[in-house]
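Each ligand, and each atom within it, is numbered from 1 in the order the structure gives. All values reported here derive from a predicted model rather than from experimental measurement. Atoms considered below: every heavy atom in the structure, side chains included; atoms not considered: hydrogens, waters and symmetry mates.
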Amino acid sequence: MTDYDVIVIGGGISGLMSALALSKHGKSVLVLEKNGSVGGNCNSYMVDGFQVDTGPHAITHLKVGPLRRLMDEYFTYVPVFLDYGTYYVRTEKGLTKIPSNIQDFVTFDVLPRKDRLLLSQALTKALTLNAFGMLDVNQSVYDFLPKGLSKDTLDFVDAIAPFLSGKSMKETSVNRVLYGSSFVRDSVSEDIFKDETVENNNSYTAMLSDMLSKYQLTSRLSTLGRLATNKVAYAQAYPRGGLKSFLNSVLYSMPANVSIKTGERVSEIITLNGETTGVATDTDSYTADAVVYSGFVKTLPSLVPLPSDFKENVSRIEQTLSLTIWHGLSEKMKEFDYIGSEVWFKNGAYWAMPISNYDPGIAPKGKQLVGFTFIIDDKKNIESEKKRALEIIINAVPEIENKIEMTHYQVTIPEKAAVTINGYFAGQRSPIANLYLVGTDTDNRSMGVTRAGYSILELLKVMKEDKNL
Ligand SMILES: Cc1cc2nc3c(=O)[nH]c(=O)nc-3n(C[C@H](O)[C@H](O)[C@H](O)COP(=O)(O)OP(=O)(O)OC[C@H]3O[C@@H](n4cnc5c(N)ncnc54)[C@H](O)[C@@H]3O)c2cc1C
């Protein structure tokens with residue numbers, strides 16, 4: 001008799017959504033979180049009267065994606081989602097909508113006319129190749145781009161790439177850009193939780209698979225139609241009340257068969273004859289039939305002995321370091337009078353979101369809160385990176401300098417794995433029986449919280465296959 005059916009290591013959004021789903025399938029679950037509070041990279045907290053999030057967030061793919069499925073199936077409470085708004089690019093001239101489709105490209109005068117034409121041709125080519133299943137998923141954006149583009153255009157593409165993949169355009173695949181910018185959308189079928197009782201080799205199954213492959217072709221062809229109609233912010237939102245509202249909806253939905261212990265770091269995953277039997281923390285130990293690990297897969301080898309080929313693969317996981325600067329402003333600025341986010345790409349890039357525009361309660365009355373995120377070089381001194389980032393903000397919006405009354409820095413790894421061409425993703429099964437993996441380094445679809453959602457749906461699938469669910 002074990003203490004719990006399942007132990008979940010890590011109380012970030014992946015660990016908590018795993019615990020929620022497993023508990024609703026009747027499992028008794030223990031969540032162990034090393035920090036003093038749960039939430040990990042998905043939370044909000046107060047700084048001098050402003051409620052900052054753990055980085056500016058757009059929650060994506062909410063119509064037919066994994067979070068929709070998880071919320072429909074397991075959440076008792078769901079956040080109120082506010083429409084995300086518009087993605088802009090800021091230049092010295094002000095804000096311009098980031099092109100979502102070919103039509104937008106025509107008027108996107110941030111880049112030279114000739115470049116816009118070349119870029120829209122490249123986009124049409126990529127989508128056509130994708131529609132016919134001929135797009136080389138290993139080709140980088142840089143290699144796919146037509147030759148002869150101006151430096152400004154290359155800088156623009158190179159500023160967007162890290163926000164889609166975590167890395168530069170030389171390490172980001174074209175395929176990734178099509179998915180990240182909503183041209184190609186995968187969905188999660190509504191019957192993923194149903195038992196597959198139909199026999200595999202009967203004619204009904206054959207007919208079904210035939211229909212599916214036709215559907216795949218139809219859906220690929222329909223992406224071509226998005227050349228004219230695509231919206232980058234399609235099905236994206238910000239949770240009213242801030243990012244913590246998403247976390248709270250998971251916590252409020254949690255049934256009584258889940259125990260959460262904070263301040264308990266798992267120091268060892270215990271195994272017997274190639275199977276996990278539980279975990280040891282710095283102060284205690286617990287047994288379980290299965291263990292779900294939601295920390296960095298990169299650090300899994302420090303918790304449990306693993307085969308060398310797995311360790312070698314895991315060492316290939318690439319990560320990106322980010323710096324977010326939150327500026328609390330003494331008054332609302334006309335420069336940030338919009339709902340959505342903006343990208344700056346000249347002599348340094350940022351992604352910024354005036355989050356108090358979604359919900360005035362996030363900032364003190366009459367004030368404004370804006371978050372600016374930068375990709376930083378982990379080999380450089382953090383203090384000099386902060387200084388450089390502040391200079392970029394002032395350069396982009398000089399008027400901000402006199403309005404700043406609060407500055408707060410966050411240095412974080414946004415995703416546990418960047419989606420680079422040669423990067424590794426671990427999947428949900430580990431080499432140890434009944435030890436499973438979830439989180440953004442186990443599935444490469446979509447990004448952030450949505451990617452975490454995909455990993456949980458896959459976890460449920462493999463645990464079911466292993467007769468652990
Ligand atoms: C600047 C920034 C911008 C972002 N933008 C977006 C966005 O726009 N959209 C989006 O969807 N996502 C975005 N994200 C990403 C999103 O926040 C994360 O992908 C998500 O929160 C990750 O959740 P997780 O549970 O997988 O990982 P984490 O939040 O890292 O949680 C893992 C938890 O496990 C705990 N842990 C690890 N090891 C142990 C151990 N040995 N014992 C006990 N506990 C352990 C950690 O303390 C942590 O709490 C952004 C993140 C940042 C930082």
Side-chain angles (χ1 to χ4, degrees), residues 7-19 30-44 52-62 65-67 84 87 162-164 166 180 233 236-239 243-244 246-247 250 260-269 279-283 286 291-300 302-304 319-326 340-341 350-353 355 371-376 409-419 437-443 445-456 459:
I7 291 171
V8 175
I9 304 173
I13 204 69
S14 300
L16 292 172
M17 287 198 292
S18 305
L30 171 66
V31 179
L32 293 167
E33 167 55 51
K34 67 178 175 188
N35 291 333
S37 57
V38 292
N41 271 344
C42 183
N43 213 339
S44 320
V52 302
D53 289 340
T54 43
H57 277 64
I59 307 291
T60 63
H61 216 13
L62 283 167
L67 295 177
Y84 186 73
Y87 282 93
F163 295 107
L164 297 175
Q236 298 188 12
Y238 181 77
L243 193 56
K244 72 167 192 287
F246 192 86
L247 169 71
V250 179
I260 300 176
K261 295 191 182 198
T262 54
E264 275 215 61
R265 186 184 74 92
V266 170
S267 51
E268 187 189 350
I269 296 171
V279 304
T281 69
D282 296 333
T283 51
Y286 307 91
V291 173
V292 175
Y293 177 71
S294 79
F296 288 107
V297 175
K298 235 176 160 41
T299 58
L300 189 63
S302 68
L303 299 180
V304 62
Q319 289 167 340
T320 304
L321 195 62
S322 75
L323 166 69
T324 297
I325 301 181
W326 289 102
S341 63
Y350 69 58
W351 176 48
M353 252 178 98
I355 62 165
F372 299 82
T373 294
F374 300 79
I375 306 293
I376 59 171
Y409 299 96
Q410 296 165 335
V411 177
T412 35
I413 297 174
E415 311 269 24
K416 298 194 187 97
V419 193
L437 314 170
V438 287
T440 50
D441 45 6
T442 65
D443 195 305
R445 284 170 289 178
S446 192
M447 53 187 80
V449 183
T450 309
R451 197 190 302 168
Y454 272 119
S455 76
I456 290 151
L459 168 79

Look at atom 42 (N) of ligand 1 and find which of V266, T450, V31 reaches it with the closest heavy atom.
V266
Can you sort out which atoms of ligand 1 are near N41, meaning under 4.0 Å from one of its heavy atoms?
17 (O), 21 (O), 29 (O)
State, with a plain yes or no, whether a side-chain heavy atom of V8 is found less than 4.5 Å away from one of V438.
no
side-chain contact (heavy atoms from CB on, under 4.5 Å) with L243: which of I59, I13, I355, N43?
I59
Under 3.5 Å, is there a donor-acceptor pair between the side chain of S341 and the main chain of M353?
no
Applying a 4.0 Å heavy-atom criterion (strictly less than), which segment of W351 is in contact with ligand 1: side chain, backbone, both, or neither?
side chain
Give a yes or no answer on whether the side chain of W351 reaches the backbone of I375 with a donor-acceptor pair at less than 3.5 Å.
no
Is it the side chain, the backbone, both or neither of T324 that has a heavy atom closer than 4.0 Å to ligand 1?
side chain
If you measure from atom 6 (C) of ligand 1 to every heavy atom of E415, H57, Q236, which option wins on shortest distance?
H57
Side chain or backbone, does A58 bring an N or O within less than 3.5 Å of an N or O on ligand 1?
yes
Below 4.0 Å from any atom of ligand 1, is there a heavy atom belonging to F163?
no
Proximal ligand 1 atoms for G12, defined as those under 4.0 Å from one of its heavy atoms
25 (O), 31 (O), 33 (C), 49 (O)
With heavy atoms under 4.0 Å as the rule, classify the contact between L32 and ligand 1 as side chain, backbone, both or neither.
backbone
Does K416 reach ligand 1, in the sense of a heavy atom lying below 4.0 Å from it?
yes
Which ligand 1 atoms does N35 reach within 4.0 Å, using its non-hydrogen atoms?
47 (O)
Donor-acceptor contact below 3.5 Å, side chain K416 vs main chain T442:
no
Any nitrogen or oxygen of S14 lying under 3.5 Å from a nitrogen or oxygen in ligand 1? Just yes or no.
yes
Can you confirm whether T324 sits close enough to T373 that some side-chain heavy atom of one is under 4.5 Å from a side-chain heavy atom of the other?
yes
At less than 4.0 angstrom from any non-hydrogen atom of T440, what atoms of ligand 1 do you find?
19 (O)
Step-by-step side chain to side chain contact (heavy atoms under 4.5 Å, CB included) determination, F296 to Q319:
CA-CA 10 Å; F296 288 107; Q319 289 167 340; 3.2 Å; yes
Number the atoms of ligand 1 from 1 as they appear, then name those within less than 4.0 Å of a heavy atom of S294, with their elements.
32 (C)
Q410: heavy atom below 4.0 Å from ligand 1, yes or no?
no
Per-atom contacts, ligand 1 versus G448 - under 4.0 Å to a heavy atom
10 (C), 11 (O), 12 (N), 15 (C), 19 (O)
State whether the shortest distance between N or O atoms of L303 and N or O atoms of ligand 1 falls below 3.5 angstrom.
no
Within a distance under 4.0 Å of any heavy atom of E264, pick out the atoms of ligand 1 and give their elements.
43 (C)
Distance-only, no hydrogens or angles: does the S44 side chain make a donor-acceptor pair with backbone N or O of K244 under 3.5 Å?
yes
Among M353, E33, M17, which one puts a heavy atom closest to atom 49 (O) of ligand 1?
E33
Could you list the atoms of ligand 1 found under 4.0 angstrom from a heavy atom of P56?
3 (C), 4 (C), 5 (N), 8 (O)
Which protein non-hydrogen atom lies closest to atom 11 (O) of ligand 1, naming both residue and atom, and how far is it?
V449 N, 2.8 Å
Would you indicate which of G295, G10, P414 comes nearest to atom 51 (C) of ligand 1 when only heavy atoms are counted?
P414
Check contact between T60 and ligand 1, using heavy atoms of the residue and a distance below 4.0 angstrom.
no
Is there a donor-acceptor pair closer than 3.5 Å between any side-chain N or O of T412 and the backbone N or O of P414?
no
